[in-house]
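The structure under discussion appears below in the form of C-alpha coordinates.
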Amino acid sequence: MVVRVQRDDFDIGREMDALLAGRRDIGGVASFTGLVRAFSDARNVGALTLEHYPGMTEKALAAIEAEARERFDIQASLIVHRFGRMEPGERIVLVIAASAHRGEAFRAAEFLMDWLKTKAPFWKSEETPDGPQWVEARAADDNAVERWS
Amino acid sequence: MVVRVQRDDFDIGREMDALLAGRRDIGGVASFTGLVRAFSDARNVGALTLEHYPGMTEKALAAIEAEARERFDIQASLIVHRFGRMEPGERIVLVIAASAHRGEAFRAAEFLMDWLKTKAPFWKSEETPDGPQWVEARAADDNAVERWS
Amino acid sequence: MKLLYFAWIRERTGIHEETWPLPDGVTSLRDLVAALAARGPGFAHAFADLKQVRAAVNQETAKLDDPVSEGDEVAFFPPMTGG
Amino acid sequence: MKLLYFAWIRERTGIHEETWPLPDGVTSLRDLVAALAARGPGFAHAFADLKQVRAAVNQETAKLDDPVSEGDEVAFFPPMTGG
(Lines give C-alpha, C1' and ligand atoms only; values in the text may rest on other atoms or scores of the structure.)
Protein backbone atom coordinates (compact mmCIF):
# COMPACT_ATOMS: atom_id res chain seq x y z
CA MET A 1 0.00 0.00 0.00
CA VAL A 2 1.58 3.18 -1.19
CA VAL A 3 0.36 6.78 -1.14
CA ARG A 4 2.59 9.64 -2.18
CA VAL A 5 2.18 13.36 -2.82
CA GLN A 6 4.97 14.88 -4.84
CA ARG A 7 5.92 17.69 -7.18
CA ASP A 8 7.87 15.44 -9.56
CA ASP A 9 6.60 13.29 -12.38
CA PHE A 10 6.32 9.51 -11.95
CA ASP A 11 7.08 6.46 -14.11
CA ILE A 12 4.14 4.07 -14.20
CA GLY A 13 6.27 1.05 -15.14
CA ARG A 14 8.65 1.62 -12.27
CA GLU A 15 5.78 2.20 -9.82
CA MET A 16 4.08 -1.01 -10.88
CA ASP A 17 7.28 -3.04 -10.68
CA ALA A 18 8.04 -1.72 -7.19
CA LEU A 19 4.49 -2.40 -6.01
CA LEU A 20 4.45 -5.98 -7.29
CA ALA A 21 8.08 -6.96 -6.67
CA GLY A 22 8.26 -10.62 -5.67
CA ARG A 23 4.48 -11.13 -5.84
CA ARG A 24 3.22 -14.30 -7.51
CA ASP A 25 -0.43 -14.07 -6.45
CA ILE A 26 -1.49 -11.15 -8.66
CA GLY A 27 -3.47 -11.97 -11.77
CA GLY A 28 -4.30 -8.48 -12.91
CA VAL A 29 -3.32 -4.89 -12.40
CA ALA A 30 -5.59 -2.01 -13.35
CA SER A 31 -4.20 1.50 -13.48
CA PHE A 32 -5.43 4.96 -14.24
CA THR A 33 -3.29 7.94 -15.15
CA GLY A 34 -4.85 11.40 -15.16
CA LEU A 35 -3.33 13.95 -17.55
CA VAL A 36 -3.61 17.68 -18.10
CA ARG A 37 -5.86 18.36 -21.10
CA ALA A 38 -5.43 21.38 -23.33
CA PHE A 39 -9.20 21.88 -23.30
CA SER A 40 -11.47 21.88 -20.30
CA ASP A 41 -15.18 22.73 -20.44
CA ALA A 42 -14.60 24.22 -23.90
CA ARG A 43 -11.92 26.66 -22.79
CA ASN A 44 -8.25 26.52 -23.68
CA VAL A 45 -5.95 25.53 -20.88
CA GLY A 46 -2.32 26.58 -21.05
CA ALA A 47 -1.35 24.88 -17.81
CA LEU A 48 -2.72 23.68 -14.53
CA THR A 49 -1.55 24.46 -11.01
CA LEU A 50 -2.50 22.05 -8.24
CA GLU A 51 -2.57 23.34 -4.69
CA HIS A 52 -2.96 20.91 -1.80
CA TYR A 53 -3.08 20.73 1.99
CA PRO A 54 0.17 19.09 3.13
CA GLY A 55 -0.45 16.77 6.03
CA MET A 56 -4.14 16.34 5.42
CA THR A 57 -3.55 15.20 1.84
CA GLU A 58 -1.48 12.19 2.85
CA LYS A 59 -4.06 11.23 5.48
CA ALA A 60 -6.91 11.58 3.01
CA LEU A 61 -5.15 9.45 0.41
CA ALA A 62 -4.38 6.77 3.00
CA ALA A 63 -8.04 6.78 4.09
CA ILE A 64 -9.23 6.46 0.49
CA GLU A 65 -6.88 3.56 -0.09
CA ALA A 66 -7.97 1.86 3.14
CA GLU A 67 -11.59 2.22 2.05
CA ALA A 68 -10.80 0.62 -1.31
CA ARG A 69 -9.11 -2.31 0.41
CA GLU A 70 -12.15 -2.70 2.64
CA ARG A 71 -14.55 -2.78 -0.30
CA PHE A 72 -12.59 -4.74 -2.91
CA ASP A 73 -10.56 -7.92 -2.97
CA ILE A 74 -7.27 -6.27 -3.87
CA GLN A 75 -3.79 -7.38 -2.84
CA ALA A 76 -1.87 -4.19 -3.57
CA SER A 77 -2.66 -0.60 -4.40
CA LEU A 78 -0.98 2.73 -4.99
CA ILE A 79 -1.91 6.39 -5.26
CA VAL A 80 0.60 8.97 -6.45
CA HIS A 81 -0.72 12.52 -6.80
CA ARG A 82 1.32 15.47 -7.99
CA PHE A 83 1.02 19.12 -7.01
CA GLY A 84 2.45 22.29 -8.55
CA ARG A 85 2.32 23.55 -12.12
CA MET A 86 1.82 21.15 -15.05
CA GLU A 87 1.40 21.67 -18.78
CA PRO A 88 -1.01 19.88 -21.15
CA GLY A 89 0.02 16.28 -21.67
CA GLU A 90 1.71 16.05 -18.26
CA ARG A 91 0.71 13.35 -15.77
CA ILE A 92 -1.20 14.49 -12.66
CA VAL A 93 -2.22 11.35 -10.82
CA LEU A 94 -1.67 7.60 -10.89
CA VAL A 95 -3.72 4.91 -9.21
CA ILE A 96 -2.96 1.21 -9.36
CA ALA A 97 -5.02 -1.69 -8.00
CA ALA A 98 -3.80 -5.28 -8.16
CA SER A 99 -5.91 -8.35 -7.56
CA ALA A 100 -6.10 -12.04 -8.26
CA HIS A 101 -9.08 -11.19 -10.50
CA ARG A 102 -9.41 -8.51 -13.13
CA GLY A 103 -12.93 -7.31 -12.28
CA GLU A 104 -11.89 -6.40 -8.73
CA ALA A 105 -8.79 -4.61 -9.99
CA PHE A 106 -10.83 -2.48 -12.41
CA ARG A 107 -13.52 -1.74 -9.84
CA ALA A 108 -11.00 -0.72 -7.19
CA ALA A 109 -9.03 1.55 -9.54
CA GLU A 110 -12.19 3.34 -10.61
CA PHE A 111 -13.29 3.69 -6.99
CA LEU A 112 -9.91 5.21 -6.05
CA MET A 113 -10.29 7.80 -8.81
CA ASP A 114 -13.91 8.63 -7.92
CA TRP A 115 -13.03 9.25 -4.30
CA LEU A 116 -9.87 11.19 -5.11
CA LYS A 117 -11.98 13.68 -7.04
CA THR A 118 -14.00 14.77 -4.01
CA LYS A 119 -12.21 13.55 -0.88
CA ALA A 120 -8.58 14.54 -1.33
CA PRO A 121 -7.66 18.18 -0.56
CA PHE A 122 -6.44 19.29 -3.98
CA TRP A 123 -7.54 22.36 -5.88
CA LYS A 124 -6.88 23.00 -9.55
CA SER A 125 -6.31 26.39 -11.11
CA GLU A 126 -6.27 26.58 -14.91
CA GLU A 127 -4.37 29.14 -16.96
CA THR A 128 -6.86 30.31 -19.57
CA PRO A 129 -6.86 33.17 -22.12
CA ASP A 130 -8.99 35.11 -19.57
CA GLY A 131 -6.49 34.55 -16.78
CA PRO A 132 -6.31 31.94 -14.04
CA GLN A 133 -9.57 30.16 -13.20
CA TRP A 134 -10.24 27.83 -10.27
CA VAL A 135 -11.74 24.60 -11.49
CA GLU A 136 -15.20 24.12 -10.01
CA ALA A 137 -16.23 20.83 -8.47
CA ARG A 138 -18.77 19.05 -10.61
CA ALA A 139 -22.16 18.86 -8.93
CA ALA A 140 -22.45 15.23 -10.00
CA ASP A 141 -19.26 14.31 -8.15
CA ASP A 142 -19.79 16.37 -5.07
CA ASN A 143 -21.93 15.17 -2.20
CA ALA A 144 -20.01 17.26 0.30
CA VAL A 145 -22.76 19.89 0.37
CA GLU A 146 -24.84 17.58 2.56
CA ARG A 147 -21.97 17.04 4.98
CA TRP A 148 -21.43 20.71 5.30
CA SER A 149 -24.96 22.14 5.63
CA MET B 1 -4.04 2.30 -32.43
CA VAL B 2 -1.51 -0.38 -31.73
CA VAL B 3 -1.79 -4.18 -31.62
CA ARG B 4 1.24 -6.39 -31.18
CA VAL B 5 1.89 -10.07 -30.58
CA GLN B 6 5.36 -10.82 -29.28
CA ARG B 7 7.46 -13.24 -27.30
CA ASP B 8 9.29 -10.52 -25.37
CA ASP B 9 8.21 -8.65 -22.26
CA PHE B 10 6.93 -5.06 -22.52
CA ASP B 11 7.38 -1.86 -20.50
CA ILE B 12 4.05 -0.25 -19.69
CA GLY B 13 5.55 3.22 -19.15
CA ARG B 14 7.29 3.16 -22.51
CA GLU B 15 4.16 1.84 -24.28
CA MET B 16 2.03 4.57 -22.76
CA ASP B 17 4.51 7.31 -23.61
CA ALA B 18 4.75 6.13 -27.22
CA LEU B 19 0.96 5.88 -27.55
CA LEU B 20 0.36 9.38 -26.18
CA ALA B 21 3.40 11.20 -27.57
CA GLY B 22 2.45 14.77 -28.48
CA ARG B 23 -1.20 14.35 -27.45
CA ARG B 24 -2.78 17.18 -25.45
CA ASP B 25 -6.41 16.03 -25.67
CA ILE B 26 -6.20 13.00 -23.38
CA GLY B 27 -7.59 13.39 -19.86
CA GLY B 28 -7.26 9.84 -18.67
CA VAL B 29 -5.57 6.58 -19.50
CA ALA B 30 -6.80 3.27 -18.13
CA SER B 31 -4.62 0.21 -18.42
CA PHE B 32 -4.77 -3.43 -17.50
CA THR B 33 -1.81 -5.77 -17.18
CA GLY B 34 -2.42 -9.50 -16.91
CA LEU B 35 0.16 -11.53 -15.00
CA VAL B 36 0.93 -15.20 -14.50
CA ARG B 37 -0.35 -16.33 -11.10
CA ALA B 38 1.31 -19.08 -9.10
CA PHE B 39 -2.14 -20.50 -8.29
CA SER B 40 -4.97 -21.14 -10.68
CA ASP B 41 -8.20 -22.90 -9.69
CA ALA B 42 -6.48 -24.05 -6.48
CA ARG B 43 -3.64 -25.80 -8.28
CA ASN B 44 0.00 -24.75 -8.25
CA VAL B 45 1.27 -23.31 -11.47
CA GLY B 46 4.99 -23.44 -12.17
CA ALA B 47 4.77 -21.66 -15.49
CA LEU B 48 2.44 -20.93 -18.36
CA THR B 49 2.92 -21.50 -22.07
CA LEU B 50 0.83 -19.49 -24.47
CA GLU B 51 0.24 -20.86 -27.94
CA HIS B 52 -1.35 -18.69 -30.61
CA TYR B 53 -2.37 -18.66 -34.27
CA PRO B 54 0.04 -16.32 -36.08
CA GLY B 55 -1.76 -14.32 -38.71
CA MET B 56 -5.22 -14.76 -37.25
CA THR B 57 -4.12 -13.40 -33.87
CA GLU B 58 -3.12 -10.01 -35.25
CA LYS B 59 -6.38 -9.77 -37.20
CA ALA B 60 -8.43 -10.73 -34.15
CA LEU B 61 -6.68 -8.14 -31.97
CA ALA B 62 -7.18 -5.44 -34.59
CA ALA B 63 -10.89 -6.37 -34.83
CA ILE B 64 -11.28 -6.22 -31.04
CA GLU B 65 -9.62 -2.83 -30.93
CA ALA B 66 -11.78 -1.53 -33.79
CA GLU B 67 -14.87 -2.73 -31.92
CA ALA B 68 -13.76 -0.87 -28.78
CA ARG B 69 -13.24 2.33 -30.77
CA GLU B 70 -16.69 1.91 -32.25
CA ARG B 71 -18.33 1.51 -28.85
CA PHE B 72 -16.39 3.95 -26.69
CA ASP B 73 -15.24 7.52 -26.98
CA ILE B 74 -11.52 6.75 -26.89
CA GLN B 75 -8.74 8.64 -28.63
CA ALA B 76 -6.00 6.01 -28.44
CA SER B 77 -5.69 2.35 -27.56
CA LEU B 78 -3.17 -0.45 -27.44
CA ILE B 79 -3.09 -4.22 -27.09
CA VAL B 80 0.17 -6.09 -26.56
CA HIS B 81 -0.14 -9.85 -26.03
CA ARG B 82 2.77 -12.17 -25.42
CA PHE B 83 3.15 -15.82 -26.39
CA GLY B 84 5.61 -18.51 -25.32
CA ARG B 85 6.61 -19.64 -21.83
CA MET B 86 6.21 -17.34 -18.81
CA GLU B 87 6.78 -17.85 -15.10
CA PRO B 88 4.60 -16.63 -12.19
CA GLY B 89 4.82 -12.87 -11.82
CA GLU B 90 5.58 -12.33 -15.51
CA ARG B 91 3.43 -10.04 -17.63
CA ILE B 92 1.20 -11.69 -20.26
CA VAL B 93 -0.93 -8.94 -21.73
CA LEU B 94 -1.31 -5.17 -21.68
CA VAL B 95 -4.28 -3.11 -22.79
CA ILE B 96 -4.42 0.67 -22.71
CA ALA B 97 -7.37 2.96 -23.48
CA ALA B 98 -7.06 6.73 -23.51
CA SER B 99 -9.94 9.18 -23.52
CA ALA B 100 -10.87 12.74 -22.70
CA HIS B 101 -12.96 11.26 -19.87
CA ARG B 102 -12.05 8.66 -17.30
CA GLY B 103 -15.25 6.61 -17.40
CA GLU B 104 -14.84 5.89 -21.11
CA ALA B 105 -11.20 4.93 -20.62
CA PHE B 106 -12.07 2.44 -17.86
CA ARG B 107 -15.00 0.99 -19.79
CA ALA B 108 -12.96 0.55 -22.97
CA ALA B 109 -10.02 -1.11 -21.18
CA GLU B 110 -12.34 -3.58 -19.48
CA PHE B 111 -14.08 -4.29 -22.78
CA LEU B 112 -10.74 -4.97 -24.48
CA MET B 113 -9.85 -7.50 -21.77
CA ASP B 114 -13.24 -9.21 -21.85
CA TRP B 115 -13.09 -9.71 -25.59
CA LEU B 116 -9.44 -10.79 -25.58
CA LYS B 117 -10.34 -13.65 -23.25
CA THR B 118 -12.69 -15.28 -25.72
CA LYS B 119 -12.07 -13.79 -29.17
CA ALA B 120 -8.30 -13.88 -29.62
CA PRO B 121 -6.75 -17.20 -30.66
CA PHE B 122 -4.54 -17.88 -27.65
CA TRP B 123 -4.42 -21.07 -25.62
CA LYS B 124 -2.79 -21.43 -22.22
CA SER B 125 -1.09 -24.53 -20.93
CA GLU B 126 -0.12 -24.58 -17.24
CA GLU B 127 2.74 -26.56 -15.75
CA THR B 128 1.29 -28.22 -12.66
CA PRO B 129 2.56 -30.92 -10.26
CA ASP B 130 0.44 -33.39 -12.31
CA GLY B 131 2.03 -32.31 -15.59
CA PRO B 132 0.93 -29.82 -18.21
CA GLN B 133 -2.77 -28.92 -18.25
CA TRP B 134 -4.62 -26.92 -20.87
CA VAL B 135 -6.56 -24.07 -19.26
CA GLU B 136 -10.28 -24.46 -19.89
CA ALA B 137 -12.36 -21.50 -21.03
CA ARG B 138 -14.33 -20.13 -18.09
CA ALA B 139 -18.06 -19.69 -18.08
CA ALA B 140 -17.35 -16.39 -16.30
CA ASP B 141 -15.42 -15.14 -19.32
CA ASP B 142 -18.23 -16.11 -21.66
CA ASN B 143 -20.59 -14.14 -19.44
CA ALA B 144 -18.25 -11.18 -19.50
CA VAL B 145 -18.42 -11.12 -23.27
CA GLU B 146 -22.20 -11.40 -23.25
CA ARG B 147 -22.34 -8.20 -21.20
CA TRP B 148 -21.15 -6.30 -24.25
CA SER B 149 -23.18 -7.91 -27.01
CA MET C 1 -5.57 28.31 16.99
CA LYS C 2 -3.97 27.68 13.63
CA LEU C 3 -6.00 28.76 10.60
CA LEU C 4 -5.35 27.73 7.00
CA TYR C 5 -6.96 28.94 3.78
CA PHE C 6 -6.73 27.32 0.36
CA ALA C 7 -7.48 28.15 -3.29
CA TRP C 8 -9.85 31.09 -3.81
CA ILE C 9 -10.57 31.32 -0.10
CA ARG C 10 -6.85 31.94 0.41
CA GLU C 11 -6.94 34.55 -2.37
CA ARG C 12 -9.91 36.38 -0.85
CA THR C 13 -8.61 36.40 2.72
CA GLY C 14 -5.13 37.21 1.43
CA ILE C 15 -3.73 34.75 3.98
CA HIS C 16 -2.51 31.19 3.61
CA GLU C 17 -1.77 30.39 7.25
CA GLU C 18 -2.08 32.30 10.51
CA THR C 19 -2.30 31.92 14.24
CA TRP C 20 -5.45 33.48 15.63
CA PRO C 21 -6.82 33.49 19.19
CA LEU C 22 -10.14 31.66 19.54
CA PRO C 23 -12.64 34.52 20.08
CA ASP C 24 -14.81 34.52 23.19
CA GLY C 25 -18.05 32.61 22.72
CA VAL C 26 -16.86 30.68 19.66
CA THR C 27 -17.52 26.96 20.18
CA SER C 28 -18.46 25.68 16.73
CA LEU C 29 -17.18 26.04 13.19
CA ARG C 30 -20.34 28.05 12.49
CA ASP C 31 -19.38 30.55 15.22
CA LEU C 32 -15.82 30.69 13.90
CA VAL C 33 -16.95 31.41 10.34
CA ALA C 34 -19.13 34.27 11.61
CA ALA C 35 -16.24 35.72 13.60
CA LEU C 36 -13.88 35.47 10.62
CA ALA C 37 -16.38 36.98 8.18
CA ALA C 38 -16.51 40.06 10.45
CA ARG C 39 -12.76 40.68 10.13
CA GLY C 40 -13.03 42.69 6.91
CA PRO C 41 -14.24 42.74 3.32
CA GLY C 42 -11.82 40.02 2.10
CA PHE C 43 -12.96 37.64 4.81
CA ALA C 44 -16.61 38.59 4.26
CA HIS C 45 -16.17 37.80 0.56
CA ALA C 46 -14.45 34.49 1.31
CA PHE C 47 -17.31 33.34 3.49
CA ALA C 48 -20.17 34.99 1.57
CA ASP C 49 -21.52 31.72 0.15
CA LEU C 50 -21.16 28.91 2.64
CA LYS C 51 -22.42 26.37 0.10
CA GLN C 52 -19.05 26.79 -1.59
CA VAL C 53 -16.98 26.49 1.58
CA ARG C 54 -15.63 23.28 3.10
CA ALA C 55 -13.61 22.92 6.30
CA ALA C 56 -11.36 20.53 8.14
CA VAL C 57 -10.58 20.47 11.86
CA ASN C 58 -7.24 18.91 12.68
CA GLN C 59 -7.00 17.67 9.09
CA GLU C 60 -10.32 15.79 9.20
CA THR C 61 -13.30 16.94 7.15
CA ALA C 62 -15.74 18.72 9.47
CA LYS C 63 -19.33 19.96 9.49
CA LEU C 64 -20.52 23.48 10.31
CA ASP C 65 -21.87 22.41 13.69
CA ASP C 66 -18.74 20.56 14.72
CA PRO C 67 -16.96 22.00 17.77
CA VAL C 68 -13.70 23.95 17.63
CA SER C 69 -11.37 24.82 20.47
CA GLU C 70 -8.10 26.62 21.12
CA GLY C 71 -5.22 24.53 19.82
CA ASP C 72 -7.17 23.21 16.83
CA GLU C 73 -5.87 23.44 13.28
CA VAL C 74 -8.81 24.64 11.19
CA ALA C 75 -8.68 24.87 7.40
CA PHE C 76 -11.15 26.44 4.97
CA PHE C 77 -11.28 25.60 1.28
CA PRO C 78 -13.59 25.19 -1.72
CA PRO C 79 -14.90 21.76 -2.75
CA MET C 80 -11.96 19.56 -3.65
CA THR C 81 -11.02 19.09 -7.30
CA GLY C 82 -8.26 16.49 -7.24
CA GLY C 83 -7.72 13.50 -9.45
CA MET D 1 -6.30 -27.12 -48.48
CA LYS D 2 -4.19 -26.02 -45.55
CA LEU D 3 -5.16 -27.45 -42.17
CA LEU D 4 -3.96 -26.17 -38.78
CA TYR D 5 -4.47 -27.65 -35.32
CA PHE D 6 -3.87 -25.89 -32.00
CA ALA D 7 -3.56 -26.76 -28.30
CA TRP D 8 -4.96 -30.18 -27.33
CA ILE D 9 -6.42 -30.69 -30.78
CA ARG D 10 -2.88 -30.42 -32.14
CA GLU D 11 -1.70 -32.87 -29.48
CA ARG D 12 -4.40 -35.40 -30.33
CA THR D 13 -3.97 -35.24 -34.08
CA GLY D 14 -0.21 -35.15 -33.65
CA ILE D 15 -0.04 -32.51 -36.38
CA HIS D 16 0.32 -28.75 -36.22
CA GLU D 17 0.01 -27.92 -39.90
CA GLU D 18 -0.56 -29.94 -43.05
CA THR D 19 -1.70 -29.75 -46.64
CA TRP D 20 -4.62 -32.07 -47.33
CA PRO D 21 -6.72 -32.52 -50.46
CA LEU D 22 -10.35 -31.59 -50.00
CA PRO D 23 -12.15 -34.98 -50.03
CA ASP D 24 -14.92 -35.59 -52.54
CA GLY D 25 -18.31 -34.53 -51.28
CA VAL D 26 -16.97 -32.26 -48.54
CA THR D 27 -18.63 -28.83 -48.80
CA SER D 28 -19.02 -27.69 -45.17
CA LEU D 29 -16.89 -27.60 -42.03
CA ARG D 30 -19.21 -30.30 -40.66
CA ASP D 31 -18.34 -32.59 -43.60
CA LEU D 32 -14.65 -31.82 -43.18
CA VAL D 33 -14.73 -32.69 -39.47
CA ALA D 34 -16.37 -36.03 -40.27
CA ALA D 35 -13.76 -36.81 -42.92
CA LEU D 36 -10.91 -35.89 -40.55
CA ALA D 37 -12.34 -37.90 -37.63
CA ALA D 38 -12.24 -40.99 -39.89
CA ARG D 39 -8.49 -40.67 -40.47
CA GLY D 40 -7.51 -42.58 -37.31
CA PRO D 41 -7.84 -42.78 -33.53
CA GLY D 42 -5.94 -39.53 -32.84
CA PHE D 43 -8.22 -37.58 -35.16
CA ALA D 44 -11.30 -39.37 -33.81
CA HIS D 45 -10.25 -38.37 -30.29
CA ALA D 46 -9.59 -34.77 -31.34
CA PHE D 47 -13.09 -34.41 -32.79
CA ALA D 48 -14.95 -36.62 -30.29
CA ASP D 49 -16.70 -33.73 -28.54
CA LEU D 50 -17.60 -31.00 -30.99
CA LYS D 51 -18.84 -28.74 -28.16
CA GLN D 52 -15.17 -28.28 -27.30
CA VAL D 53 -14.00 -27.60 -30.84
CA ARG D 54 -13.85 -24.20 -32.53
CA ALA D 55 -12.76 -23.48 -36.08
CA ALA D 56 -11.62 -20.69 -38.34
CA VAL D 57 -11.77 -20.56 -42.13
CA ASN D 58 -9.18 -18.27 -43.68
CA GLN D 59 -8.42 -16.87 -40.22
CA GLU D 60 -12.03 -15.87 -39.50
CA THR D 61 -14.08 -17.63 -36.84
CA ALA D 62 -16.48 -20.03 -38.54
CA LYS D 63 -19.54 -22.14 -37.71
CA LEU D 64 -19.95 -25.87 -38.38
CA ASP D 65 -22.31 -25.24 -41.29
CA ASP D 66 -20.04 -22.72 -43.00
CA PRO D 67 -18.72 -23.79 -46.43
CA VAL D 68 -15.16 -24.89 -47.12
CA SER D 69 -13.40 -25.28 -50.44
CA GLU D 70 -10.06 -26.24 -51.87
CA GLY D 71 -7.54 -23.49 -51.22
CA ASP D 72 -9.01 -22.56 -47.81
CA GLU D 73 -6.92 -22.36 -44.68
CA VAL D 74 -8.92 -24.16 -42.00
CA ALA D 75 -7.89 -24.22 -38.34
CA PHE D 76 -9.29 -26.28 -35.45
CA PHE D 77 -8.78 -25.36 -31.81
CA PRO D 78 -10.40 -25.40 -28.35
CA PRO D 79 -12.25 -22.35 -26.97
CA MET D 80 -9.77 -19.48 -26.72
CA THR D 81 -8.15 -18.69 -23.38
CA GLY D 82 -6.17 -15.52 -23.99
CA GLY D 83 -5.86 -12.39 -21.89
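Quick note on labels: first sequence line is chain A, next is B, and so on, each numbered from 1. Values reported hereafter were calculated over all heavy atoms of this structure, with side chains retained and with hydrogens, waters and symmetry mates removed.
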Checklist outcome for this item: Within residues 94-101 of chain A, the residues sitting under 4.5 Å from chain B by heavy atom, in sequence order, are A/Ala100, A/His101

Checklist outcome for this item: Scanning both residues in full, the closest heavy-atom pair of B/Ser31 with A/Met16 reads OG-CE, 4.5 Å

Next on the checklist: More than 12 heavy atoms of other residues, nucleotides or ligands under 6.0 Å from CZ of B/Arg85: yes or no?
Outcome noted: yes

Next on the checklist: In the structure I gave you, are the side-chain heavy atoms of B/Leu20 and A/Leu35 within less than 4.5 Å of one another anywhere?
Outcome noted: yes

Checklist entry - What parts of residues 86-93 of chain B touch chain A if we use heavy atoms and a cut-off under 4.5 Å? => result B/Pro88, B/Gly89, B/Arg91

Item to check | Region of A/Ala21 in contact with chain B, defined by heavy-atom distances below 4.5 Å | outcome: neither

Checklist entry - Is the count of non-hydrogen atoms from other residues, nucleotides or ligands lying under 6.0 Å from A/Gln6 atom CD greater than 12? => result yes

Item to check | Between A/Gly28, A/Gly27, A/Ala38, the one whose heavy-atom pairs under 4.5 Å with chain B are most numerous | outcome: A/Gly27

Checklist entry - Can you say whether B/Ile26 sits under 4.5 Å from chain A via the side chain, the backbone, both, or neither, judging by heavy atoms? => result both

Checklist entry - Does any pair with a residue in residues 10-38 of chain A pass ring pair (Phe, Tyr, Trp, His ring centres under 6.0 Å), and if so which ones, sequence neighbours excluded? => result A/Phe32-B/Phe106

Checklist entry - Highest number of heavy-atom pairs under 4.5 Å with chain A: which of B/Asp25, B/Val36, B/Asp11, B/Thr33? => result B/Thr33

Next on the checklist: So B/Asp114 and A/Arg102, do their side chains get closer than 4.5 Å, heavy atoms only?
Outcome noted: yes

Item to check | Interatomic spacing from CD1 in B/Ile12 to CG in A/Asp17 - rounded to 0.5 Å | outcome: 9.5 Å

Checklist entry - If contact means a heavy atom pair closer than 4.5 Å, which residues of residues 51-65 of chain B contact chain A? => result none

